[in-house]
There are 2 protein chains.
Amino acid sequence: MADRSPAGVVISGESLLFLTDEQLRRGIEAMFFAYRGFTADPDRILQDYSYGRAHHRAIHFINRSPGTTVNNLLSILGVTKQSLNRVLRALVDDGLVESRVGTRDKRERHLFLTETGQTLERALSEAQRNRMRAAFRAAGPDAVSGFRTVLEQMMDPDMRKHYQDGTDGAK
Amino acid sequence: MADRSPAGVVISGESLLFLTDEQLRRGIEAMFFAYRGFTADPDRILQDYSYGRAHHRAIHFINRSPGTTVNNLLSILGVTKQSLNRVLRALVDDGLVESRVGTRDKRERHLFLTETGQTLERALSEAQRNRMRAAFRAAGPDAVSGFRTVLEQMMDPDMRKHYQDGTDGAK
DNA sequence: CTTGGAAAGTCAACAAGGCTGACATAATGT
DNA sequence: ACATTATGTCAGCCTTGTTGACTTTCCAAG
């Protein structure tokens, strides 16, 4: 389990990694091709609603944190307010998202998915989870753990906190 | 090493995975945030050249397979020839890519990076490799192996062959 | 040798979704 | 009172994707 070296994938013995440019290049392409697969299923669904990935992202994070503010969403998504606003306006107009004026601070708008919004969210995330689940099952528990460890290291530190916000303990 | 369960990440004992929707959602967000980090460094460099990610992708795969044809590139990148052509034209006009008419089949164009093109390629891939290397080192060899296993499972089968083409043994 | 079809290039038009800049409004905090 | 913050909005621009139509070049089969 430690001394076999199939196809240049496995690295070395103890903790020193032999990272050739070639191996790094393979990691880069893995990210590229996998991300395409990762987005493929939701993209197909979104076409039927004539929405794009930007709408999906907004829906995802509103669903994750109901009542989140526009500003919070902006810092997660890393786009301009004009870009986000265009997307949110469409979702509100179409009745998928509700925007409630804040009670404590009336400048803020708190965002929620409506019933309709939740329905689309479920369709999108179910498709994406199915692929993720299949990949996780085929890869096995240790691989899943490694997958998450590497991805977390790849994030910008600012984003890492948004990621960790969703830790299981939080609920 | 097998029975500890830090922060809901590690799964279970033998080979049956407890994959809650919550854990899958975390995997989904990991992909989202990590991909942003993954592209951040090259994106910054590309701005100086007023190129975009599409140019980066073309440059990457031409560098990986010098002499590749337009058609082959199309099937890897999964865009329309019109989209790719726009990008290639810019790169050829700017002297980063050379397009040679095929010798056997003169309809085909074989693509190569010029010296200038190779210089930009090195700058882009070095930035991207640096982040990948740092992530791999911080995560450790086992995590790297798992990372690759999961990502490969996440790809569409059609793409998996393009990924595997780059196996070490191939050269 | 003719002809069908594949490979490539090109033009036009369009849409999504980024961006900047400028400006308006309302509420908050000092 | 005043500066700041949160949000929304208008206008315009860019990249990168799309479709559809059309041409040129060339290989290969009839």
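Numbered from 1 within each chain, the chains take letters A, B, ... in sequence-line order. Please read these numbers as outputs of a predicted model, since none were measured by experiment. Values below: all heavy atoms of this structure, side chains included; hydrogens, waters and symmetry mates excluded.
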**Student:** Using a cut-off of strictly less than 4.0 Å, decide whether B:Arg57 has a side-chain nitrogen or oxygen near OP1 or OP2 of D:dG17.
**Tutor:**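 Yes, because at least one side-chain N or O of B:Arg57 sits under 4.0 Å from OP1 or OP2 of D:dG17.
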
**Student:** For A:Asn71 and D:dT5, is the shortest distance between a side-chain N/O and OP1 or OP2 below 4.0 Å?
**Tutor:**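 Answer is no, no contact under 4.0 Å.
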
**Student:** Output the rounded distance in Å from CG (A:Leu111) to C1' (D:dT7).
**Tutor:**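 Rounded to the whole Å, the gap is 11 Å.
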
**Student:** Just to confirm, is there a sub-4.0 Å distance from OP1 or OP2 of D:dT16 to any side-chain nitrogen or oxygen of B:His55?
**Tutor:**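 So the side-chain polar atoms of B:His55 do come within 4.0 Å of the phosphate oxygens OP1 or OP2 of D:dT16, strictly under.
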
**Student:** May I have the distance from B:Leu88 (atom CG) to C:dT10 (atom P), rounded to whole angstrom?
**Tutor:**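 After rounding, the gap between these two atoms is 11 Å.
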
**Student:** Taking atom P of D:dC14 as reference, at what distance in whole Å does atom CD of B:Gln47 sit?
**Tutor:**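 Atom CD in B:Gln47 sits about 15 Å away from atom P in D:dC14.
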
**Student:** Angle class for the A:Phe33/B:Tyr163 ring planes (parallel below 30°, perpendicular above 60°, tilted otherwise)?
**Tutor:**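 Perpendicular.
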
**Student:** So if I take every side-chain heavy atom of B:Ser99 and compare against D:dG20, C:dC19, C:dG9, which nucleotide ends up nearest?
**Tutor:**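 The listed nucleotide nearest to B:Ser99's side chain is C:dG9.
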
**Student:** Whole angstroms only, please: what is the CG-P distance between A:Leu74 and D:dT5?
**Tutor:**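 The distance from CG of A:Leu74 to P of D:dT5 comes to 15 Å, rounded to the nearest Å.
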
**Student:** Any side-chain N or O of B:Thr80 below 4.0 angstrom from OP1/OP2 of D:dG17?
**Tutor:**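 No, no such contact exists.
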
**Student:** Quick check: on DNA chain D, is the nucleotide nearest A:Glu108 upstream (toward 5') of the one nearest A:Arg86, or the reverse? Name the residue that is more 5'.
**Tutor:**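 Mapping each residue to its closest nucleotide by heavy atoms, the 5'-most match is A:Glu108.
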
**Student:** Counting only side-chain heavy atoms from C-beta out, which of C:dA26, C:dG9, D:dC26 sits nearest to B:Asp105?
**Tutor:**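 Looking only at side-chain atoms, B:Asp105 lies closest to D:dC26.
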
**Student:** Going by modelled atom types, is there a donor-acceptor pair between the base of C:dT28 and the side chain of A:Arg107 at under 3.5 Å?
**Tutor:**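 When only heavy-atom distances are counted, A:Arg107 does not reach the base of C:dT28 through any donor-acceptor pair under 3.5 Å.
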
**Student:** Whole Å only: how far is the NZ atom of B:Lys81 from the P atom of D:dG17?
**Tutor:**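 Distance check: B:Lys81 NZ to D:dG17 P gives 16 Å.
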
**Student:** Tell me: NE2 of B:His56 to P of D:dT16, nearest whole Å?
**Tutor:**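 Those two atoms, NE2 and P, are 12 Å apart.
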
**Student:** To the side chain of B:Val70, which of C:dA8, D:dA6, C:dG18 is closest?
**Tutor:**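 For the B:Val70 side chain, the nearest candidate turns out to be C:dA8.
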
**Student:** What is the distance, to the nearest angstrom, from the OH atom on B:Tyr51 to the C1' atom on D:dC14?
**Tutor:**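 Between C1' of D:dC14 and OH of B:Tyr51: 15 Å.
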
**Student:** Got a second to check how far B:Tyr49's OH is from B:Leu96's CG, nearest 0.5 Å?
**Tutor:**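 With rounding to 0.5 Å, OH (B:Tyr49) is 8.5 Å from CG (B:Leu96).
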
**Student:** Which one, C:dA26, D:dT18, C:dA8, comes nearest to the side chain of B:Arg109?
**Tutor:**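 Looking only at heavy atoms from C-beta outward on B:Arg109, the closest nucleotide is C:dA8.
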
**Student:** Heavy atoms only, 4.0 Å cut-off, all strands: where does A:Arg53 land among base, sugar-phosphate and nothing?
**Tutor:**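 Counting heavy atoms under 4.0 Å across all strands, the contact made by A:Arg53 is with sugar-phosphate only.
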
**Student:** Less than 4.0 angstrom from a charged side-chain N to a carboxylate O is my criterion; do B:Arg100 and B:Glu98 meet it?
**Tutor:**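 The answer is yes: the pair qualifies as a salt bridge.
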
**Student:** If hydrophobic clusters are built by linking Ile, Leu, Val, Met, Phe, Trp and Tyr wherever their side-chain heavy atoms come under 4.5 Å apart, do B:Phe112 and B:Val92 end up in the same one?
**Tutor:**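 Unlinked, B:Phe112 and B:Val92 end up in two clusters.
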
**Student:** Less than 4.0 angstrom between a side-chain N/O of B:Asn85 and OP1 or OP2 of C:dT10, yes or no?
**Tutor:**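 For C:dT10, OP1/OP2 do have a side-chain N/O of B:Asn85 under 4.0 Å.
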
**Student:** Using the salt bridge (Lys or Arg N to Asp or Glu O under 4.0 Å) rule, collect all pairs that involve residues 36-46 of chain A, keeping only residues at least two apart or in two chains.
**Tutor:**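 Every salt bridge (Lys or Arg N to Asp or Glu O under 4.0 Å) pair that includes a residue of residues 36-46 of chain A, provided the two are not neighbours, is A:Asp41-A:Arg44, A:Asp41-A:Arg131, A:Asp43-A:Arg53.
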
**Student:** Identify, between A:Thr103 and A:Gln82, the residue whose nearest nucleotide on DNA chain C lies closer to the 5' end.
**Tutor:**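 Looking at the nearest nucleotide for each, A:Gln82 comes out on the 5' side.
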
**Student:** Students often mix this up, so state it plainly: with edges at 30° and 60°, are the rings of A:Phe136 and A:Phe147 parallel, tilted or perpendicular?
**Tutor:**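 Perpendicular: the ring planes of A:Phe136 and A:Phe147 meet at over 60°.
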
**Student:** Rounded off to whole Å, could you give me the CG-to-P distance for the B:Leu84 and D:dT15 pair?
**Tutor:**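 Whole-Å distance recorded here is 17 Å.
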
**Student:** Measuring from the side chain of A:Arg89 (C-beta onward, heavy atoms only), which nucleotide among D:dG17, C:dT28, D:dT9 has the closest atom?
**Tutor:**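 Closest nucleotide to the A:Arg89 side chain: D:dT9.
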
**Student:** Is there a donor and acceptor pair, one atom on the side chain of B:Lys106 and one on the base of D:dT25, closer than 3.5 Å?
**Tutor:**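 For B:Lys106, whose side chain was compared with the base of D:dT25, there is no donor-acceptor pair (under 3.5 Å).
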
